[in-house]
Amino acid sequence: MGAEIEFPVEGMDEKIRVFTTRPDTLFGVTFVSLAAEHPLVERLVRADPKGYDIVQFIQNMKKSRLSEKDRALIEKEGVFLNHYVTNPLNGERVQIWVANYALMEYGTGAVMAVPAHDQRDFEFAKKYDLPIKVVIQPKGETLDPSIMSEAYEYDGIQVSSGLFDGMENQCAKKAITEHLEKNAWGSGKIQYRLRDWLLSRQRYWGAAIPIIYCEKCGEVPVPEEDLPVRLPENVTFVKEGGNPLARTDEFIHAKCPRCHQDARRETDTMDTFVDSSWYFLRFLSNREDKKVFDQKTVNAWLPIDLYIGGIEHATMHLIYFRFFTKVLHDLGLIGFDEPAKRLFCQGMVCKTAYYSEEDKWLTQDEVTKKVKDGKTVLISKKSGSCVSSEIAKMSKTKLNTVNPDEIFDRFGADTVRLYMLSDAPPDRDQIWSEEGVMGAHRFIQRFWRLFEEQGARFQRGESYDGDGSDLDKSSRHLWRKTHETIQKFTSDVEGNFQFNTAISKVMELLKELRNHLEANAGVVRETFQTMILLLAPIIPHVSEELWQKFGNKESVFKAHWPEVRECALEKDEVEIVFQINGKLKNKKTVPMDLDVKALEQLVLGDEKMKSALEGKQVLKVICVKNKLANVVAK
RNA sequence: GCCGAAGUGGCGGAAUGGCAGACGCGCUAGGUUCAGAACCUAGUGGUGGCAACAUCGUGGGGGUUCGACUCCCCCCUUCGGCACCA
């Protein structure tokens, strides 16, 4: 939000329009910067005797069209155009410059420069020795332009601002804009910033852009009845050959739809984000041959419940995907405004990458450790040079990928699945570790071996289905653990895909099972089966095989998800934590639901607590049922 | 600069405001073994102590609370995305 202001050019019947978010600094304008591509630049230079040098400079500036990222880093440069504009507000005469930091794509392509209150203008003014005029003073401080080391971009009180002196700058923003409007010098304006999509790609893989170039008629759209433009299939891909479509004559040659003369077809294709922004609609009604999608079907199934993607999808694809949806919604073609209800960003898989000045990127095998001056350093086996390491997203460039085939051969796909799901929560980046893979593999082997060694006894018979009252202590314990695991596993996975904690619960259950193999056979059988069922989505091959060995005829994937039995979760004892001033001092197992009064007596009567409380005055006892007792003492 | 995420052992990471470090890796000791691998058992945050135990400890500083990794305020660092956007 800001204002657009017109600066009359001296000696010409022209005005330079600028956009600013800081109309309050209008009195501090000391020059105006134009983008090199600004339409007025050429006309201002033409009449100038020194014009040639300036044109040269501007040409160079235009040539060095860098990517947006690089442009942010280069130094500010510019040239004075030997022309002036008048500040409408105070009649001051200020120079017109062309500057490389002014962007034609944004606003009007012209900047009113206020070096005292804008860092970019400040840097530019310092370089070319242009005046700096302070018009906003911070409270309790006085800025001196001659000693300022950076622009003051914050709030303050207006100074040297004519009738606005003494105003808070936030108020002055409004007041000055109103003043401009009254005198027809400018007006308030909201400026939107558009992201440059760069829709076209110079490659084969993408939808054709249905445009034909005609010498006479210009750019002509392909008529609707000729759509879609199909890509040729007999293209040849050549290394470094660029877009094969541009080398395929039969594709390029076309007749102009308007004048029927020879014409040329567009060979760029659309970014694949275009297709993936609407094909979810098509998927739902792929048998429609009269229209793109069926409204009823689409409205019934969509929006999508969950969008899972990496961060690059969230920032790139999602923008287009949402844009298409919003447009279709505004056109009344679909009944929803957002394509997905929930976004989940999964992390990336990273691994250590190695780099040396001499060899550039190195694989893990090409690097060795050496002790040098008591410190361990990395050395390249190739050249012996020093190697630095970083954790980076797996990429071919950085040579830090792992080959899945190799790991499948060594450990099997189940190991890889288990490792990837158990190592880190899915919304975080994962750092690949060979040891972690081994750990996952060992767990599977433990699981399998336990079955091999002990499973036979439980393959037949029924799982336990009593209410627990007939179970001995050990069986009761295992039974409860089994159902606690079902509960935790299910909620971890359903909530936020916390496979890592879910799996750790099964690992714990495996330990419990090994310690309670002599428990009730029905309970042990149930525990075995539960583990197989819970792990089936994680390690499908192993689970299916064990499931079959357990005498189940149907696939494990047709079985019901295990259900938690509330009666199994019940406990008759609970461990209570004893604290003094919030610090742990002792623990004791007490009957479930022991009332607070009894608990209080118990904690104060406890030997350990007594000795720890010696010489202290008990102020209060806080008891939380089935949890803790905290003695507040001084 | 803006937006987002994250800071907890040697490492990956756990903890509805209530036992910090589950589970896994690594490490140590013991068992098994001709030996190694694998496997099993136990231990494993720092400091002090033979020990029981004490004490400190979740990026830093404040605050709320009987009690804070967790809630509030301020700050620092790292990573990712966007960026001379006037």
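Quantities reported herein were computed from a predicted structural model and do not represent experimental measurements. A, B, ... follow the sequence lines: proteins, then strands. Residue 1 opens every chain. Keep in mind that the numbers below use all heavy atoms, side chains included, and drop hydrogens, waters and symmetry copies.
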Report yes if a side-chain nitrogen or oxygen of A:R442 is closer than 4.0 Å to either non-bridging phosphate oxygen (OP1 or OP2) of B:C39; otherwise report no.
-> yes

For A:G109, which contact category applies under a 4.0 Å heavy-atom criterion: base, sugar-phosphate, or nothing?
-> base

Indicate, with a heavy-atom threshold strictly under 4.0 Å, whether A:K511 touches base, sugar-phosphate, or nothing.
-> sugar-phosphate

Looking at every strand, decide which applies to A:V111 at a 4.0 Å heavy-atom threshold: base, sugar-phosphate, or nothing.
-> base

May I ask you to say what A:A110 touches in the nucleic acid, namely base, sugar-phosphate or nothing, with a heavy-atom cut-off under 4.0 Å?
-> base

Does the base of B:G18 carry an N or O that pairs as donor and acceptor with the side chain of A:Q579 under 3.5 Å?
-> yes

Rounded to whole angstroms, how far apart are CD on A:E600 and C1' on B:C66?
-> 13 Å

Quick one: the side chain of A:K620 and the base of B:C66, do they pair up donor-acceptor inside 3.5 Å?
-> no

Closest listed nucleotide, where the reference is the side chain of A:I622 and the choices are B:C23, B:G7, B:C66 | B:C66

How about A:K15: does its NZ atom have over 12 heavy atoms from other parts shown lying under 6.0 Å from it?
-> no

Salt-bridge test for A:K505 and A:E508: reply yes if a basic N is under 4.0 Å from a carboxylate O, no otherwise.
-> yes

A:L584 has a side chain; which of B:G24, B:C19, B:G26 sits nearest to it?
-> B:C19

In whole angstrom, what separates A:H441's NE2 from B:A38's C1'?
-> 11 Å

Verify whether one side chain among A:N626 and A:D593 offers a donor that lies under 3.5 Å from an acceptor in the other.
-> yes

Glycosidic class, syn or anti, of B:G9 using a 90° window around 0 = syn

Which part of the nucleic acid, if any, lies within reach of A:E123 when heavy atoms closer than 4.0 Å are counted: base, sugar-phosphate only, or nothing?
-> nothing

So what does A:A440 hit on the nucleic acid, given a heavy-atom distance under 4.0 Å: a base, only sugar-phosphate, or nothing?
-> nothing

Contact class for A:G436 (heavy atom, under 4.0 Å): base, sugar-phosphate, or nothing?
-> nothing

In terms of side-chain heavy atoms, does A:T482 have a donor or acceptor partner in A:T530 at a distance below 3.5 Å?
-> no

Would you tell me if any nitrogen or oxygen in the side chain of A:R428 comes within less than 4.0 Å of OP1 or OP2 on B:A6?
-> no

Just checking, is any N or O donor in the side chain of A:E566 or A:H483 under 3.5 Å from an acceptor N or O on the other one?
-> no

Under 4.0 angstrom, heavy atoms only, what part of the nucleic acid is A:D121 near: base, sugar-phosphate, or nothing?
-> nothing

Which part of the nucleic acid, if any, lies within contact of A:N500, taking any heavy atom under 4.0 Å across all strands shown: a base, the sugar-phosphate backbone alone, or nothing?
-> sugar-phosphate

